[in-house]
Amino acid sequence: MKFFLDTANIAEIEEGVSWGCVDGITTNPTLISKELAGNANFKTLVKKILDIVDGPVSLEVTSLSADGMIEEANRLKKLGNNVVVKIPTTIEGLKALKVLKEQKIETNATLVFSLNQALMVAKAGATYASPFIGRLDDISEDGMNLIEDIREVYDNYGIETKILAASIRHPVHVRDAALIGADVATMPFDVFKKLMNHPKTDEGLKRFLDDWKKIDKKKLMF
Ligand code: G3P
């Protein structure tokens with residue numbers, strides 16, 4: 001399973017990449033807008049992200065028409081080879097996905113909330129489909145059921161579109177998406193950090209180091 005960080009924050013991306021567990025990045029207009037305070041500009045920010053990350057970096061279009069999305073996608077793709085273009089799950093989005101596949105531009109269909117939408121974006125040629133788990137949980141649906149359904153149906157038909165579990169809010173989402181077989185989980189840095197938390201690890205390490213301190217220092221020369 002691949003882990004992507006769902007952030008445009010350079011410090012978080014640098015830190016995550018240094019752990020050796022980050023396979024890519026996803027962004028959206030909300031995440032980008034948080035990082036563009038003051039004099040910062042979009043191109044400089046994206047170039048920095050692309051320099052740090054050796055893997056797919058999703059950048060989202062903001063046009064609503066297929067022609068606009070295709071034009072934006074081509075401009076975004078010029079920023080770096082590993083750019084994956086995020087396309088909204090709309091009918092205009094389907095038209096854009098089809099053309100971008102013909103142009104060999106990788107895409108990530110975003111805002112997927114149903115199995116039928118996941119099928120449609122896959123048929124139109126999306127490289128990734130991003131079901132939003134947390135936002136379904138927010139409205140008292142079970143986001144993880146959607147991941148399960150998409151996995152089953154994609155497998156039934158040998159569909160190659162990758163399932164990118166998005167809108168992940170806590171480590172249990174990551175664990176469950178992994179058990180189901182989602183291809184990718186994208187998560188905020190805060191959730192990524194929590195994947196490593198375990199009180200028994202902290203307790204065990206403390207005990208080892210306390211016992212080590214009890215040894216006569218002369219016996220520790222090597
Ligand atoms: O990038 C899409 C995404 O993961 C959104 O997450 O928490 O805003 O629903 P969230």
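In listed order, ligands and their atoms are each counted from 1.
Considering backbone and side-chain atoms together, T186 places no N or O closer than 3.5 Å to any N or O of ligand 1. At least one N or O atom of S167 sits closer than 3.5 Å to an N or O atom of ligand 1.
Annotation: atom 4 (O) of ligand 1 to nearest protein heavy atom, D6 OD2, 2.6 Å. Of all protein heavy atoms, the one lying nearest to atom 2 (C) of ligand 1 is F132 CZ, 3.3 Å. In terms of protein heavy-atom proximity, atom 7 (O) of ligand 1 is nearest to R169 NE, 2.9 Å.
Against a heavy-atom cut-off of under 4.0 Å, K86 is close to the following atoms of ligand 1: 1 (O), 2 (C). Every atom of ligand 1 with a heavy atom of N28 under 4.0 Å away is listed here by number and element: 1 (O), 2 (C). Annotation for ligand 1: atoms under 4.0 Å from non-hydrogen atoms of R135 are 5 (C), 8 (O), 9 (O), 10 (P). Proximity to A166 (heavy-atom distance under 4.0 Å) selects the following atoms of ligand 1: 4 (O).
Screening residues 154-165 for side-chain hydrogen bond (donor to acceptor under 3.5 Å, both in side chains) gives R151-D155 as the qualifying pairs, with residues at least two apart or on separate chains.
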Walk me through whether E92 and K95 qualify under salt bridge (Lys or Arg N to Asp or Glu O under 4.0 Å).
CA-CA 5 Å; E92 287 301 298; K95 296 179 197 170; 2.6 Å; yes

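Ring geometry for F192 versus F189: interplanar angle of 30 to 60°, hence tilted.
With no hydrogens or angles considered, a side-chain donor-acceptor pair links T186 and T26 at under 3.5 Å. Looking at T89 and Q117, their side chains never bring a donor and an acceptor atom within 3.5 Å of each other.
N81 CG to E106 CD: the interatomic distance, rounded to the nearest 0.5 Å, is 10.0 Å.
Of the possible donor and acceptor atoms, one in the side chain of K77 sits under 3.5 Å from a partner among the backbone N and O of V83.
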